[in-house]
Structures are given as C-alpha cells and as structure tokens.
Protein chains: 4
Amino acid sequence: MTSGLAEKRREKYEAILKAALKVFAEHGFFNSQVSKIAREAGVADGTIYLYFKNKEDILISLFREKLGSLVRKFHEHVHDDDRADEAIRKVCELHFTELEKDVQLAKVTQLELRQSSRELHSEISNALKPYIQLIEDVLVRGIEQGIFRSDLDVKLTRLLIFGAMDEVVSSWLISGRRYSLSAQVDKTVDFFLRSLRA
Amino acid sequence: MTSGLAEKRREKYEAILKAALKVFAEHGFFNSQVSKIAREAGVADGTIYLYFKNKEDILISLFREKLGSLVRKFHEHVHDDDRADEAIRKVCELHFTELEKDVQLAKVTQLELRQSSRELHSEISNALKPYIQLIEDVLVRGIEQGIFRSDLDVKLTRLLIFGAMDEVVSSWLISGRRYSLSAQVDKTVDFFLRSLRA
Amino acid sequence: MTSGLAEKRREKYEAILKAALKVFAEHGFFNSQVSKIAREAGVADGTIYLYFKNKEDILISLFREKLGSLVRKFHEHVHDDDRADEAIRKVCELHFTELEKDVQLAKVTQLELRQSSRELHSEISNALKPYIQLIEDVLVRGIEQGIFRSDLDVKLTRLLIFGAMDEVVSSWLISGRRYSLSAQVDKTVDFFLRSLRA
Amino acid sequence: MTSGLAEKRREKYEAILKAALKVFAEHGFFNSQVSKIAREAGVADGTIYLYFKNKEDILISLFREKLGSLVRKFHEHVHDDDRADEAIRKVCELHFTELEKDVQLAKVTQLELRQSSRELHSEISNALKPYIQLIEDVLVRGIEQGIFRSDLDVKLTRLLIFGAMDEVVSSWLISGRRYSLSAQVDKTVDFFLRSLRA
DNA sequence: TATGAATGAGGATTCATTCAT
DNA sequence: AATGAATGAATCCTCATTCAT
C-alpha cells in the first residue's frame, strides 16, 4: 500500500504547513521559531527537516501551495471563452474574497512574505509569476475580443492591476480589517474597466 | 554657539543615515549589522545609539526623511490651483524619476523596508500617510475642479493609484532595472486618468 | 542451517565494516554519519545497530579486525626460531607495505582513529596491545638469541620502535604519499638494529 | 598608554588559553563547550570570539604558543656550538620534563589534539614543523661535527626520533602516569645515540 | 560626546539512536 | 532480521546593545 505511505507523508506535510501558516501569521517570519511550528504541528523539531530544506523553504512552499490553489480556483471559475471584463471581475473577486476568508494567509502574503532574505525574493517572484501571467492572459484575450483597448501595454497593465489590488489588501489588513474587503470589488473593478475598455 | 553644535549633530545624524541607506540597499535590513553602518559612517558602534534608539529606528528615520523630502519636492512643483490631472502626472513623474535617480532609496523602500518587524509596520504606514494623503488631496481637488468623477471613492482610489505605482517600481527593481522607469510615466498616468476623468 | 545464517550475518558485518573504512578514510570519524555508512553498505540505518552497539563500536571493531589481521600476517611470515633481527625487519616491512597497500586503512589508523572520544582511547590501546606485545616478544627473543643487547629495557624499546614506525607512516600520509613508504624500510630497520644489537 | 591596552588584551588572551587548556585536558576537544571555556576564563561566551576565530582556532593557538615556548626553551639551553649528542639529550630531556611538569599540556598535545577536524591537521603539522626542523638541525650539526654518521637520512631520522619520543609520552599518559617520564630520558637518548653515532 | 570592548540571549540545524511496522 | 521515519538533545556563533572610560 504505497499510497498509504505517500498519503501519510502528504498529511504530515500539510500539517506542518498549516502550523507554519498559523505561526507566521501570528508572529511574523523572523519572530517564528521552527520549534514553535513543530510544537504547533505536533511533531519533533527534527521532523520538520524531513519535509523541508530549511525555515525559508517552509515559507516558499506555503506560498506556492496557496498561490497555486488560488490560480486553480480561478481556472475553475473562468473559461477561455468568457468575456474578459467578466474575467477581470472574477480575478478581483477571488483575490479579495479568498484573502478575506483566510486572514492568516492574507497576513502571511501581504506582510510576512516580504520579510524574507534577499535570495528568497526571486523565489517569491517566481511563485507569483503564474498569477501575474494569468492577469496578462485575460488582458490579451480582452483585446482579441475587442473589449479592451488594443493600445494597452499588457506587461505594464498587469502590474498596475496586481499592484492596485495588492495595496487594497495590505491597507485593509493594516487597518485591522475594520471594513469589508470584498465590498471593494465593485469599485475596484470599475476603476480597472474604465481604463481597459476599448 | 549652540547652532554650531546642533549643526554638527545634524551632520553626523545625516552621515549615519547616508551610511545606513547604502548598507541597507546593499545587504537588506536583516543582513545589515549596526557595526557595518558605523564603519561606513566612520563612527564607533556606540555612537549610533546616541542618535538612534535602535536599529529599527534607523530604518524608520531614513524612511521618514526620504519620504518627507519627496513630499516636499511635490509641493515645490505642484500648486493648489494647478489642474488635478496635471498634478497626478506630477506625482507619478516624481515617484518614478526620484526612485530612478536614487536606486539605493528605491531598493530600501521597495524591498528592505518590508523586511521589518511587526511593530515597525504601523510606523511605516504612518510615515507613508502624508504621501497617500497628498494623493487623496489631489483627487478631491480634481473632483472640485470638475475634472474627476464626483462618484470616486477617494479613500479607495488613492490606494489603487499608490499600489499600482509601487508595483511598477518593485517590478522594475526585480527585473534588474533593464528598462527605463520614467518611460512608464505616460502610460501609467494615462491608465489612471481614464478611470478618474469625469 | 545455522551456519548459513551465521555466514550471512558475517557477510553483512563485513560489508558494514568495509563501508565504514571507506567513509571514515574519506571524511574522518567525526564527519562520517552513520547514515552515510549505511548507504555505502547498502543497508538501512537501523540495521547498523543490529551489528554494532554504536558509532564508536564500528571504529573499534574495524581497528580490531584490521590489527588482528596484521598480527596474523606477521605470524604467517615469522616463526619462533627465526633470527630476531630478521623478525624486526619483517615487522617493519609488513607495517609499511600493508599500510602502503591499503591507504584507507592507513588513513583511518593514523589520522581518524585519534579523533575519538576519551573512552575510546583505552579500547584502542587495548587493540594495539597484541601488536606492541609482538614487538616485545621479538625483542626478548633477540636477547635470548644473543643478537640484541641484554641491557635493553624491552618495555621502553617496544614503544620507541612502534612510535618511530608510526610517525613515518603519519608523515608519509600527511605528505600526500609523495614518496614510497616501503622504500623507508631499510633505513628504518638499520636505525633500529644499530641500537638493538649486542 | 597604549601598552596598557595591549597588555590588558594579552592578559585576557592568555586567560582564555589557560582556561581552554584546562577544559580540553579534562574533557577532550569535542566534549569541551566554548561556554565552558568562557566560564572557566571568567568572560562572556561572545568575548571568546573577540580573541579567536572559532573553537578550533583556540586549539591551534594553544598548540602554537606552547610549542613555540618549547622551541624557545630549547634555544635558551642549547647553543649552536654545543655538541650535537648533548643537544639531542637536551631535546629529549626538555620534551619529557616539560610535558611531565605540565600534564594538561601533555594530554592536549598527545590525545586531544588528534581529535580535530580534517582541515585542522595541516595547521597542526605546520605548528609542529619548527620543532621537527629543530631536530633536523641538530642532526645536520652532528654530522658536520663528525659525531653522527654521515650516511644518515636526516629527513627520515628526525621522524624516527620525534615519533619515538611522542609514543613514550602517549604511553605514559595512557598508563595513568604510573612511572616517571623523565626517568626514561637516559635510556631513550642512549637508544638514539647508538644509531646516530659515527 | 564619543568610544569600542564586552556582554549574553537566542535559534536553526544536525545526526546518533530508537522503535513501530 | 530489516527497515527508515521520527525523535529531540545539544551547541557554536552572531550581533544588537550597554557602559566604563
């Protein structure tokens, strides 16, 4: 029953990631001890190193898994023949609602992820790429559909859109989540579409 | 001659900040030792603590000084009776050209500043407030001038604008500055104004 | 078929020792992980502990086996009625040629063996005793045969002889084996015999 | 008063070395914690690293200082125009009496010094070189004086002599110092001179 | 004011050994 | 007998900060 073993391994892997998410969100990356994560996950300190190369690797893996899941969710809800303006709305909606649902994840991605070492930055930006690319794909499709301006610089625009959403989330977190994040979707998307439309 | 003393004090204060900017930009906040900053500034380790409370205080002070100077520069170039759309252009232009001119500052604000502790974040967002407020003021003025839509949510929009610019700078840095940052001003401002205009 | 089982056990025991010899010679005792020896021997980590008490026990066993084999070889080549001066030559010849043939063994005995813990030292000197004793026996026989001085302090002299040979081997190893070790036999034995002869 | 500062520094340096000698002799290199040395020396753990690069550096420095002092002592007692056979006696006498007087040093040099890492070995053999060279110089002088055989291989012979003495000291230590080490000088030197004499 | 030697808390990681399977 | 995943004790070193001078 190899699947039993692999499954068990996967379970422990995810237990550690879950514990890490909680600890990182609560204390920040640099103030989180590996031993604290181990305790939270109910494993020995050394066990962590059977699943992850080092402390940074935990953060990267966490980020990859979560971002991958976000991209996957997007693909579940949006199809290639959907209207690009609806797709933009869906991206923003998922971005805001998913992070609103999972505050720990929001904290880690917005605040703690930046607290990493120099080398980590390229890893992180690699992990972000599929998401940024996804936004670009929607922009390109919008132009093809004749919905978006054909003179758009898609490489620049994808950054403007991602950066704008990112800042809204950060600000919401820093404010202590005193208002609804998902309530910002409409106005945010409106802002984007006014600029994008042909 | 207290002013002589005060002047001397100010000089050393600035020498330390200048050294810190260089060291932080080169090695990142967490990989910068106070002793390295002291050596770069030509003072003893202990002297640092006569001017700053602790290591974080150096970063905050650096940020405040630099951001204050950026805000000051804006006020030099833009006046209350200027057209709001021109003011938005001026904000973006200054944002991009100032950071393009001072790469060390760009690195510190975009990358290293985020590597700070939990407590630091509120300090940083405090230091950012005057700049964000400045953007908001322009938006309000634009509405009053009838140039911008009156249904704008200025609190949200200022974030969208700041976040978008911020991301363009980050991306430019991460790319290794392989293209001109200031060359992005026109398209970026165009993106903003299409959404803002009445 | 206990002998079949015992044989299999012996085979695995020797496979582990052979692997340990290679790993110890290459990385030194303290830089050799038990898991590395296990991998080299093609067994699981835990299996090591079915054959050896602990890591040190591997080293001691290795030493005993190898030294025992050296003593056995000596007895194959020298007989009680041989001339003692010829026996001294044989001892030195075997000492140098055997270690020259088996560099891994030389490295372990000369360099890594010393890197052991306090408690190990008595074990090691126990394992060395048969060899030192063998030298003493030759000396006693030489006196009886009238070939060696009767005023020799055999307890001291056996140390002088062993220590001298030991140092030649160590120096040869440290030099990177840039010359022939066995070529030193004649001059070394000459040095000994000038002092020993009646 | 720079000499005051330098003196103070030297004093602390020696206090740490003295503490290290005691701790290493008692527990062996690998079982000696840096913190134990610090406590013994009456300084903070971190202070150690103001004087030494790392733990190994303490051992190397200790070795160098002590061996240097032994070489210096030899030069105080022997002069270039002394008879080479007397010089050999002096070498052996100093070797045995100095280590007999300073058992901690004997333990460290004979037993613990070998327990070092691969890289350390070349450092150690470098530190030993002046002493080995000193023996060679005496041999060369003996040949020039016509006292020693002119067909001596001085490079080999210096090893035989050093190795023989070294082993006597090791054996004495392992025996628990149950006999006088310096009492072995006469017979040891006699063994050497019988081989060396023209 | 300025110095810089001294402090000492703090933590990621390794690896010999165990034990459930 | 054999496995190898899990354990968790153990420690060197860094570096922000202090304080005697």
Side-chain angles (χ1 to χ4, degrees), chain A residues 1 4-5 8-9 12 16 30-39 41-58, chain B residues 5 8-9 12 29-39 41-58 117, chain C residues 5 8-9 12-13 16 29-39 41-58 117, chain D residues 1 4-5 8-9 12 16 30-39 41-58:
Chain A
M1 268 232 254
L5 269 181
K8 211 159 189 183
R9 191 178 164 79
K12 197 159 279 189
I16 294 171
F30 277 100
N31 289 312
S32 294
Q33 293 89 330
V34 172
S35 61
K36 210 180 272 173
I37 297 173
R39 204 177 318 124
V43 300
D45 291 19
T47 305
I48 300 273
Y49 292 87
L50 297 175
Y51 293 84
F52 300 92
K53 208 157 52 44
N54 51 36
K55 190 181 164 187
E56 281 198 349
D57 190 34
I58 306 176
Chain B
L5 274 180
K8 215 161 186 182
R9 188 177 166 80
K12 198 161 276 189
F29 180 70
F30 277 101
N31 289 312
S32 293
Q33 294 87 334
V34 172
S35 62
K36 209 181 271 172
I37 297 173
R39 205 179 316 126
V43 301
D45 293 17
T47 306
I48 299 272
Y49 291 87
L50 298 174
Y51 292 84
F52 299 93
K53 204 157 52 66
N54 52 35
K55 190 182 167 186
E56 283 199 347
D57 188 35
I58 306 176
S117 79
Chain C
L5 274 180
K8 215 161 185 181
R9 188 177 168 80
K12 198 160 275 189
Y13 174 82
I16 294 172
F29 181 70
F30 277 100
N31 289 313
S32 293
Q33 294 87 333
V34 171
S35 62
K36 209 182 271 172
I37 297 173
R39 203 179 318 125
V43 300
D45 292 18
T47 306
I48 299 273
Y49 292 87
L50 299 174
Y51 292 84
F52 299 93
K53 205 158 50 68
N54 53 33
K55 190 181 167 186
E56 283 198 347
D57 189 34
I58 305 175
S117 79
Chain D
M1 269 232 255
L5 269 181
K8 211 158 188 185
R9 190 177 164 79
K12 198 160 278 189
I16 294 171
F30 277 99
N31 289 313
S32 294
Q33 293 88 332
V34 172
S35 62
K36 209 181 272 174
I37 297 173
R39 206 177 317 124
V43 300
D45 291 19
T47 306
I48 300 273
Y49 293 88
L50 298 175
Y51 292 84
F52 300 93
K53 209 157 47 60
N54 52 35
K55 190 181 164 187
E56 282 199 349
D57 190 35
I58 306 176

Query raised in the report: Quick one: what's the B/S/- string for nucleotides 13-21 of chain E, heavy-atom cutoff under 4.0 Å, read 5' to 3'?
Result: BBSSBB---
Query - Whole-Å distance separating the CD1 atom of A:Ile16 from the P atom of F:dT7 - result: 9 Å
Query raised in the report: So, for A:Gln33 and A:Asn31, which heavy atoms are closest and what is the spacing to 0.1 Å?
Result: OE1-O, 3.3 Å
**Report entry** Nearest-nucleotide comparison on DNA chain F, the residue closer to the 5′ end among C:Gly42 and A:Ala44
**Finding:** C:Gly42
Query raised in the report: Separation of D:Ile37 atom CD1 from F:dT11 atom P, in whole Å?
Result: 12 Å
Query raised in the report: Taking only residues two or more places apart in sequence, or in another chain, which ones meet C:Arg39 in a side chain to side chain contact (heavy atoms under 4.5 Å, CB included)?
Result: C:Ser35, C:Lys36
**Report entry** Working for side chain to side chain contact (heavy atoms under 4.5 Å, CB included), residues A:Lys12 and A:Thr47
**Finding:** CA-CA 10 Å; A:Lys12 197 159 279 189; A:Thr47 305; 4.3 Å; yes
**Report entry** Short side-chain N/O contact from A:Arg9 to OP1 or OP2 of F:dA5, under 4.0 Å
**Finding:** no
Requested in this report: Verify, without hydrogens or angle tests, whether C:Lys55 (side chain) and C:Phe29 (backbone) share a donor-acceptor contact under 3.5 angstrom.
Outcome: yes
**Report entry** OP1 or OP2 of F:dA5 under 4.0 Å from side-chain N/O of A:Tyr51
**Finding:** no
Report summary line: Between CD1 of B:Ile48 and C1' of F:dC15 the distance, given in whole Å, is 14 Å
**Report entry** All ring-ring contact (aromatic ring centres under 6.0 Å, His included) counterparts of A:Phe52, not counting sequence neighbours
**Finding:** A:Tyr13
Query - Rounded distance [0.5 Å steps], CG in D:Leu50 versus CZ in D:Arg9 - result: 7.5 Å
Report summary line: Annotated structure of DNA chain F as dot-bracket, pair cut-off 3.5 Å, Watson-Crick or G-U only, | for inter-strand, is .||||||||||||||||||||
Requested in this report: Identify, between C:Lys12 and D:Leu50, the residue whose nearest nucleotide on DNA chain F lies closer to the 5' end.
Outcome: C:Lys12
Report summary line: Between the CD1 atom in A:Ile58 and the CD1 atom in A:Ile16, the distance rounded to the nearest 0.5 Å is 7.5 Å
